[in-house]
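What follows is a short report on a single structure.
Lettering follows sequence order; numbering is per chain, from 1. Excluded from the calculations below are hydrogen atoms, water molecules and symmetry mates; all remaining heavy atoms, backbone and side chain alike, are included.
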Amino acid sequence: AATPKDTLVLAWAIDDIITLDPGEAFEISAGEIMGNAYDNLVNLDINDTSKVTPGVAASWTVSDDALTYTFKIKPDLKFASGNPITAADVAYTFERAVKLDKSPAFILTQFGLTKDNVTEKAKATDDSTFVLTVDKAYAPSFVLNCLTANVASIVDKALLEEHVADGDFGNGWLKTNYAGSGPFKMMQWRANEILVLERNDNYYGEKAKVKRAIYRHMKESSGQRLALEAGDIDVARNLEPGDLDAIAKNKEIITDAAPKGTVYYFSLNQKNANLAKPEVREALKYLVDYDAIGATLIKGIGEIHQTFLPKGMLGSLDENPYRLDVAKAKELLAKAGLADGFDVTMDVRNTQPVTGIAESVQQTFAQAGVKLSIIPGDGKQTLTKYRARNHDIYIGQWGTDYWDPHSNADTFAANPNNADDAAAKPLSWRNAWDIPELTKETAAALLERDAAKRGAMYEDLQKKVLETGPFVIVFQQTEVAAVRAEVKGYKLGPSFDTNLLSPVSKE
Amino acid sequence: MTTSGTPLLTVEDLRVTFPTRTGEVQAVRGVSFTLGRERLGIVGESGSGKSQTGRAIMGLTPPHAKIAARKLAFGDRDLLAMPKSERRELRGKKVAMILQDPKYSLNPVMTIGRQIVETLKTHEKVSTAEAKARALSMLEAVQIRDPERVFDLYPHEVSGGMGQRAMIAMMLVCGPELLIADEPTSALDVTVQLDVLSILDKLVAERGMGLIFISHDLRLVSSFCDRVIVMYAGKIVEELPSANLADAKHPYTRGLLNCLPTIGTDRHPLPVLDRKREWAL
Amino acid sequence: MSPNPTGAAQAQPRPYSREWLLSDRPVSRRQARLGRAYIVWRRFAENRLALVGLAIIILLLLVAAFADVLSPHDPVVGDLRNARLLPPGSEGYLLGTDDQGRDILSRLVYGSRLTLLVVVLVAIIAAPIGLIVGTVSGYIGGWADAVLMRITDIFLAFPKLVLALALVAALGPGIENAILAIAVTSWPPYARIARAETMTFRNSEFIAAVKLMGASPLRIILRHVMPLCVSSLIVRVTLDMAGIILTAAGLGFLGLGAQPPLPEWGAMIASGRRFILDQWWVAAMPGFAILVVSLGFNLLGDGLRDALDPKEAGQ
Amino acid sequence: MTSAVSIRDMVVIYNDFAALNHVSLDVGAGESFGIVGESGSGKSTLLRAISGLASFDQGTLTVNGRSYSGRHRDKAFYRTVQMVFQDPYGSLHPRQTVDRLLLEPLLIHGFDDIEARISRALDEVGLGSGFRFRYSHQLSGGQRQRIAIARALILEPKILLLDEPTSALDASIQAEILNLLEQARRDRNLTFVMVSHDLGVISHMCERLAVMRQGEVVETVPAKALEKREFSADYTRRLLVASEGFRRG
Amino acid sequence: MALSDTSAVTRRNRRRASSAAMGLLRFAVTTLTTVFGLLVVTFFIGRVIPIDPVLAIVGDRAPAHVVERTRIELGLNLPLYQQFFIYVEQALSGNFGTSVLTTNPVFEDIKRVFPATIELATIGTLIGAILGIPLGVLAAVKRGSIADQVVRVIGLIGYSVPIFWLGLLSLVLFYAKLRWVAYPGRIDVVYEYTFTSTTGFFLFDAAWQGQWDVFRDVFRHVILPASLLGYFSLAYISRMTRSFMLNELSQEYIVAARAKGLSETRIIWFHALRNAAVPLVTVIALSYAGLLEGSVLTETIFSWPGLGLYITNSLQNADMNAVLGGTLVIGAVFVGINIFSDLLYRTLDPRTRSR
Ligand SMILES: Nc1ncnc2c1ncn2[C@@H]1O[C@H](COP(=O)(O)OP(=O)(O)OP(=O)(O)O)[C@@H](O)[C@H]1O
Ligand SMILES: Nc1ncnc2c1ncn2[C@@H]1O[C@H](COP(=O)(O)OP(=O)(O)OP(=O)(O)O)[C@@H](O)[C@H]1O
Ligand SMILES: [Mg+2]
Ligand SMILES: [Mg+2]
């Protein structure tokens with residue numbers, strides 16, 4: 001059955017959403033909702049991701065010491081609720097995020113904001129001026145990029161204060177409700193079922209073209225394809241290669257693809273004596289049939305990519321030196337004293353394409369005598385094990401927390417403390433990869449204010465991780481949406497929160 | 001008591017055969033007799049084919065059994081030739097049958113009254129009220145003291161003797177001309193047995209029905225019926241008036257009479273029946 | 001063997017001939033037992049459908065036993081590059097290939113081992129537990145009955161698949177845990193059956209007779225009650241095998257049963273599900289295999305019930 | 001005459017129904033004692049209470065000088081007292097051969113010479129070893145009852161409880177079984193407690209009898225008294241009349 | 001004598017009174033122990049499950065310190081027995097807590113998802129019973145005939161087919177190829193705004209409100225999954241009907257009914273079936289309960305937002321509050337259906353009614 005003209009229906013696996021509070025939400029699907037329903041001081045420029053564009057802030061200045069950022073708020077803006085947007089709301093947003101201290105809060109607290117100083121350091125000096133003071137002379141691109149994250153989405157102070165319970169800044173209420181100013185209002189969310197956005201007529205920018213956008217939770221690619229072909233939905237978001245191939249022939253359906261900041265990798269726990277050997281790490285990188293995987297399992301939904309920064313990000317290195325080379329791998333293994341191979345396990349969450357890749361890797365490993373047994377599990381389960389460093393090999397994906405190279409560098413190339421009780425537990429910690437040198441280099445890159453130089457530093461970091469790291473990065477995700485032809489203007493953005501719906505219309 | 005002209009029932013060379021895994025079993029092997037408006041007893045040991053004879057007359061043999069007879073006629077109507085529906089119409093209306101055990105032969109989920117009314121309504125066009133009235137009077141006729149109450153009882157709520165009376169009422173309510181009673185009292189207590197028999201006796205006498213009384217108890221049959229047929233292995237070995245029981249010729253009949261322990265006779269050991277193979281031929 | 005004065009006089013049919021087996025006056029324990037088995041077999045064999053079921057199960061056993069010989073390809077290692085998702089009838093791949101380029105036929109053939117493993121293990125674990133719990137509870141009665149039946153009730157009140165899911169989630173996915181979970185959820189009905197049956201025997205005269213011999217309750221349960229429950233239990237277990245296969249497949253389908261690259265049929269359907277629209281055979285073949293095998297078990301169980309328990313079949 | 005079984009004031013209550021209500025009886029050693037009464041009068045219950053299959057709430061039970069209570073009986077008791085049940089179809093285990101049925105008591109009581117005992121027992125009940133490996137469904141009713149008797153006798157008891165042993169059988173077969181029982185009693189000097197609803201059978205088999213009604217013993221009279229109609233209870237008379245067949249009028 | 005009589009009478013009365021009380025007590029004990037057992041089992045499954053429940057709350061990507069803090073907030077650092085006490089206490093006070101997955105109170109969630117399951121299972125059972133009973137009767141009456149064999153094979157296939165597989169194939173056929181039915185979910189998005197369900201039973205509400213286009217749409221959604229479940233229960237019901245009917249048809253009262261001259265139709269449909277109905281209600285109730293709790297796979301295939309899907313999702317995310325709530329509800333429904341079928345059994349079978 002056809003969907004109504006004024007309603008856009010998207011089928012998407014939205015089961016990862018656990019909250020819709022921008023101060024708390026840190027999930028991929030939630031990110032897209034935030035991106036459409038909330039507004040930030042600054043937004044990522046979807047045409048050039050190394051830049052930011054004004055959002056609620058009309059303009060901003062950075063002090064010479066790079067410690068103070070002053071934002072001028074656009075006048076006469078309104079929240080969807082009708083309340084005016086002022087600098088006080090922005091300050092409240094910062095205070096709230098820091099004090100709630102939920103998962104994404106570190107994006108702000110890494111600038112030295114704490115519960116005690118946040119009201120001082122993130123402050124509205126008047127109705128239209130917001131001043132943020134950071135603790136170090138970070139690269140401004142880094143700070144501004146971080147401000148495009150959902151956690152810095154401006155929330156409606158007056159509305160939230162009506163819903164405060166136990167000093168929770170309205171968090172309990174906002175988990176399922178809405179207090180924003182974006183092009184869409186979040187109207188209803190039924191977990192694992194449906195999420196409804198409606199046009200926000202108070203939005204200051206260009207108004208959304210459709211009245212309503214409905215995300216319908218559907219996990220299965222084949223189901224999405226069926227529904228898309230039947231016209232029950234307008235957009236299918238989780239199509240797999242086979243289905244993409246199939247709909248390619250369908251004239252009523254077009255596709256749009258955009259590389260995303262997510263890389264799929266498997267990582268080798270350095271607590272495992274075999275995997276700790278540098279030769280083994282290298283050998284395993286030669287035991288992946290990148291080409292075959294690229295041509296089949298991830299065809300259309302990803303591109304072979306072996307470095308930790310996704311393509312399109314500042315400093316990203318596009319270099320894929322490894323290919324399947326069993327002879328070379330055998331040689332390396334022999335050098336490591338493991339000529340006969342060894343037994344090792346891999347924790348795999350049972351979703352595609354991870355499972356398929358794991359199975360493929362299982363086959364290619366076997367060619368060099370490495371006997372890989374797959375321990376599958378549900379996402380939460382494998383992750384629990386991974387976080388506790390109890391795995392041998394873990395296969396999974398990593399998506400950038402915010403659109404800045406530091407996000408990935410910080411996790412792939414820095415490990416400030418490799419002890420079991422460390423405070424920070426980046427991916428390198430999870431794999432017990434002790435890298436004091438790289439950690440320092442990562443910190444240095446953060447303070448480099450010259451963008452070109454900063455990029456070069458990240459390139460260098462990527463090379464090192466590529467050669468010596470315990471991460472076998474396989475591909476970068478390409479997000480694909482299959483759209484019915486009558487839908488116009490649907491375009492996937494470069495990041496998860498820039499899949500914007502407001503330009504979309506239906507004929 | 002015998003009538004002139006055509007007898008009520010004519011059975012000639014009745015055979016009932018069951019196909020089984022190990023070949024055919026002849027349950028009834030050429031039974032012939034006629035019945036007028038009288039009391040005919042059929043005795044014989046277990047498995048001798050008494051019940052199958054009765055059921056074959058009623059047309060109640062299981063469908064896989066083969067029934068053959070030179071003649072099987074009710075009055076002058078050929079039972080085997082008539083269509084099924086006609087035969088069914090006959091059942092309950094003209095010929096009726098009382099089964100051995102009221103515990104199993106009454107529908108456990110219907111009240112006794114409804115079961116009696118059902119018979120009536122199947123065969124006669126009567127109003128509900130009239131049917132009920134007739135059922136009640138029938139219950140009274142079988143000497144149930146409180147018919148109104150029993151009418152609404154379920155079979156499990158009445159004693160065996162009462163159940164058997166209800167069964168009789170159910171079968172006689174349409175006033176059949178022939179009644180087959182297949183061991184109607186063997187599930188009952190000795191004392192109750194006699195009550196039920198005297199009811200049957202009275203009804204037969206009053207209504208002038210023909211009665212076939214099937215039992216394994218030779219003494220009971222001979223004291224109750226006018227005539228007795230003795231069956232052995234699917235055949236009639238002897239037919240004689242009850243009064244002449246003492247003159248029975250067949251050794252089987254004699255044996256049956258002898259082997260019962262009775263009060264006052266002191267026979268130790270009891271004479272036993274020595275079955276001869278030729279009896280079964 | 002015992003001396004046999006009267007039997008010797010009669011002409012005994014040739015041992016193991018049909019007459020010998022069917023003789024209603026067997027002269028030895030063996031003959032009696034074989035005769036009994038033969039009668040059961042004859043009753044069973046009369047039922048064509050049951051024979052079909054038996055044939056399916058024998059075929060399954062053979063396939064499982066000779067998987068190495070029968071399967072043309074490696075069930076685990078495929079040819080991702082060249083042989084992915086080939087349709088049935090492709091050269092060298094009779095039933096086509098899956099998304100890893102593995103031969104579906106070979107996977108089905110090896111999968112039969114898993115299927116057998118599951119049903120056999122579940123039966124071995126669950127049936128004896130159910131039998132013991134049921135007979136003890138039914139025979140002893142009183143407190144033992146109350147306690148055992150409460151426990152049984154609790155397990156019965158759980159949604160079966162959900163409990164299995166929870167157990168597998170708790171123990172970690174894998175075929176061993178799936179077997180364990182299915183076993184844990186399968187025994188209560190057996191206990192119920194065994195108990196119900198025991199209750200019908202408990203007050204029967206032949207049990208009373210054994211009691212009057214002075215037999216201890218343990219002896220009565222073990223030697224007199226249990227043998228009586230066994231045949232209906234066998235029937236029930238055989239009929240349940242289909243259910244067990246389906247549950248295992250369901251767990252596999254939900255990703256909680258046997259794990260890749262094991263060629264478990266349910267998991268194969270799950271992975272084939274993604275291609276159901278264009279490469280239907282990937283999911284259809286294993287589903288068909290499950291259907292055939294569980295149909296086989298059902299037919300067999302049905303036939304067994306008719307043969308072992310003519311009363312229940314309405315004869 | 002010492003009493004083999006002595007019962008005083010026995011009460012058996014099922015749920016809330018008194019199946020036996022203060023029953024007292026004495027059965028002498030070597031005596032054959034009959035119990036008659038209509039269905040449900042508690043005849044079987046009495047035997048079951050003696051044998052320990054039913055538990056009695058009140059009263060005393062003495063068997064061969066030893067008193068028993070409740071439900072528990074020791075092995076020695078079962079060597080002394082055995083029982084034959086009414087239903088020949090229900091009292092034999094459906095899945096066991098005759099051999100196995102007879103073996104069981106011998107195993108339980110640790111007898112030796114098992115083979116010989118089984119053959120002898122079968123011969124004694126007139127079946128011979130041709131029946132030894134049959135299942136109960138391969139036997140006729142009379143043959144089954146013989147097996148049941150053989151099983152009871154194989155433990156060489158002193159007292160045999162008989163619960164309507166012939167009521168499920170044809171009259172002609174009944175005679176055979178009754179004769180067999182009498183023979184066994186004579187050979188082994190057994191004490192019989194025999195239940196039946198048939199006065200003819202009781203008067204044939206027993207020396208004394210008790211008439212039961214609604215869980216109570218109405219009266220206890222010698223068997224000869226029936227013939228001479230020397231009894232007091234009206235109920236006994238009704239039973240007697242009923243046993244003589246139908247009388248019109 | 002008189003004295004002992006009265007004692008016997010009082011004793012009898014006492015027994016009778018106590019047996020009624022015992023019956024109630026037994027029932028209460030049964031229910032309580034069952035619920036308690038469910039609590040214990042779910043609790044321990046929840047604790048040994050190798051998923052960190054905190055992850056479900058804070059999400060996959062939460063930094064370590066947030067995880068730690070949440071763990072303490074949840075009381076997961078307490079000794080196990082203390083956690084258990086808290087858990088039982090809350091559960092007993094009817095507080096199943098909040099589902100971390102949906103952030104709603106579990107009770108609210110169940111109120112929303114359970115009607116979906118009930119609707120599906122009810123229609124499924126209706127289909128199963130309406131088709132299964134006549135088929136079973138037919139098979140029993142025509143025992144051994146071709147019809148019997150056909151019914152038997154239909155039933156056996158129903159027992160043997162993996163429902164999720166059949167579901168997939170039928171989706172491909174009826175939805176993808178033929179477009180006869182709708183998918184997924186319960187209702188088209190179009191109607192999300194024009195239709196509000198007050199009871200949670202969409203078909204009922206749509207009919208009640210006279211919104212026949214909605215009714216049609218809901219029907220198109222429900223019919224395929226319901227038919228699948230219906231087939232499943234048809235297999236079971238027809239088979240049991242056959243066996244019960246065979247049993248009844250071999251009874252003496254059937255002979256008696258024939259002796260009365262009743263027509264075969266009346267004997268089969270009235271006498272025999274009426275008696276077979278007594279055990280049949282239990283079978284149907286059990287199959288209904290089975291569909292209520294066993295539709296996990298069907299709900300997964302058809303994205304049916306019911307309880308089975310809810311529990312499965314929660315389980316996979318270690319959302320133990322939701323699992324517990326869902327399981328308890330199903331357990332309670334199971335017990336409830338059992339009691340109900342028992343009552344029905346009693347009303348249908350006069351033998352169990354005492355006067
Ligand atoms: N459905 C059947 N299939 C095969 N044989 C049957 C069937 N019904 C009856 N018979 C056989 O027919 C014979 C006669 O049975 P019938 O019921 O007439 O005996 P009966 O004289 O009434 O015995 P009883 O006194 O035990 O009722 C028996 O040998 C029995 O085995
Ligand atoms: N296990 C039991 N539970 C409840 N009531 C019982 C039980 N056994 C017997 N009764 C009841 O006790 C009473 C006496 O039963 P009993 O079996 O002793 O009678 P009986 O004289 O042997 O009758 P019959 O001649 O029918 O065998 C009957 O009313 C019966 O219903
Ligand atoms: Mg008969
Ligand atoms: Mg008795």
Side-chain angles (χ1 to χ4, degrees), chain C residues 1-10 12 20-37 39-40 141-142 197 200-220 222-232 308-311, chain D residues 44 48 51-54 71 73-79 81-101 103-109 114-116 118-119 122-123 127-139 148 151-152 154-155 157 161 163:
Chain C
M1 275 312 96
S2 59
N4 183 12
T6 50
Q10 288 163 345
Q12 273 287 330
W20 182 81
L21 287 167
L22 282 179
S23 161
D24 59 358
R25 46 195 72 210
V27 295
S28 67
R29 265 167 224 167
R30 199 177 69 242
Q31 189 185 355
R33 225 170 268 147
L34 286 176
R36 209 185 145 76
I39 287 173
V40 169
E197 205 151 353
T200 65
F201 303 137
R202 184 165 89 155
N203 295 320
S204 72
E205 296 198 336
F206 65 86
I207 292 297
V210 184
K211 257 192 246 175
L212 290 190
M213 307 280 99
S216 64
L218 183 68
R219 188 183 179 93
I220 296 179
L222 280 180
R223 306 201 51 168
H224 299 272
V225 174
M226 277 192 186
L228 281 171
C229 302
V230 161
S231 69
S232 59
L308 287 175
D309 199 352
K311 235 187 291 138
Chain D
S44 300
R48 295 176 75 87
S51 60
L53 293 175
R71 204 170 202 156
R73 305 286 184 272
D74 52 11
K75 271 193 176 178
F77 175 87
Y78 295 121
R79 292 289 310 272
V81 181
Q82 279 297 318
M83 184 156 163
V84 175
F85 295 91
Q86 168 176 12
D87 179 9
Y89 297 88
S91 63
L92 301 186
H93 196 287
R95 295 282 159 86
Q96 291 178 353
T97 57
V98 169
D99 177 60
R100 177 83 166 67
L101 282 166
L103 193 61
E104 188 70 7
L106 297 177
L107 288 181
I108 291 170
H109 291 273
I114 284 174
E115 289 294 324
I118 294 180
S119 308
L122 282 173
D123 286 342
L127 284 178
S129 43
F131 288 86
R132 183 160 168 184
F133 299 106
R134 296 201 196 177
Y135 288 94
S136 55
H137 66 84
Q138 293 170 321
L139 302 171
R151 176 175 58 184
I154 207 167
L155 285 178
L161 309 177
D163 189 359

| task | Under 4.5 Å heavy-atom distance to chain C, tell me which part of D:F77 shows up: side chain, backbone, both or neither. | result | neither

| message | Can you tell me which portion of D:P157 sits under 4.5 Å from chain C's heavy atoms? Options are side chain, backbone, both or neither. | response | neither

| query | CD1/D:I108 to CG/D:L103 distance, rounded to the nearest 0.5 angstrom? | reply | 9.5 Å

| message | Assess whether a salt bridge exists between D:R151 and D:E104, defined as any Lys/Arg side-chain N lying under 4.0 Å from an Asp/Glu carboxylate O. | response | no

| Working for side-chain contact (heavy atoms from CB on, under 4.5 Å), residues C:I207 and C:R202 | CA-CA 6 Å; C:I207 292 297; C:R202 184 165 89 155; 5.9 Å; no

| said: So which residue, C:K211, C:R223, C:M213, ends up with the most heavy-atom pairs under 4.5 Å with chain D? | reply: C:M213

| query | Which residues satisfy the ring pair (Phe, Tyr, Trp, His ring centres under 6.0 Å) test with C:H224, sequence neighbours excluded? | reply | D:H93

| request: Could you check which of C:A215, C:S204, C:G35 has the highest count of heavy-atom pairs closer than 4.5 Å to chain D? | output: C:A215

| query | Out of D:V84, D:D99, D:T97, which one racks up the most heavy-atom pairs below 4.5 Å with chain C? | reply | D:D99

| query | Which atoms form the tightest heavy-atom contact between C:C229 and C:F201, and what is the distance? | reply | SG-CE1, 4.4 Å

| message | Given heavy-atom pairs under 4.5 angstrom as the criterion, report whether the side chain, backbone, both or neither of D:L92 touches chain C. | response | backbone

| query | Using a cut-off of under 4.5 Å for heavy-atom pairs, which of D:M83, D:Q138, D:Q86, D:R134 has the most such pairs with chain C? | reply | D:R134

| said: Could you go through D:H137 and D:Y89, starting from their C-alpha distance and side-chain angles, then the distance that decides it, and tell me whether this counts as side-chain contact (heavy atoms from CB on, under 4.5 Å)? | reply: CA-CA 8 Å; D:H137 66 84; D:Y89 297 88; over 6 Å; no

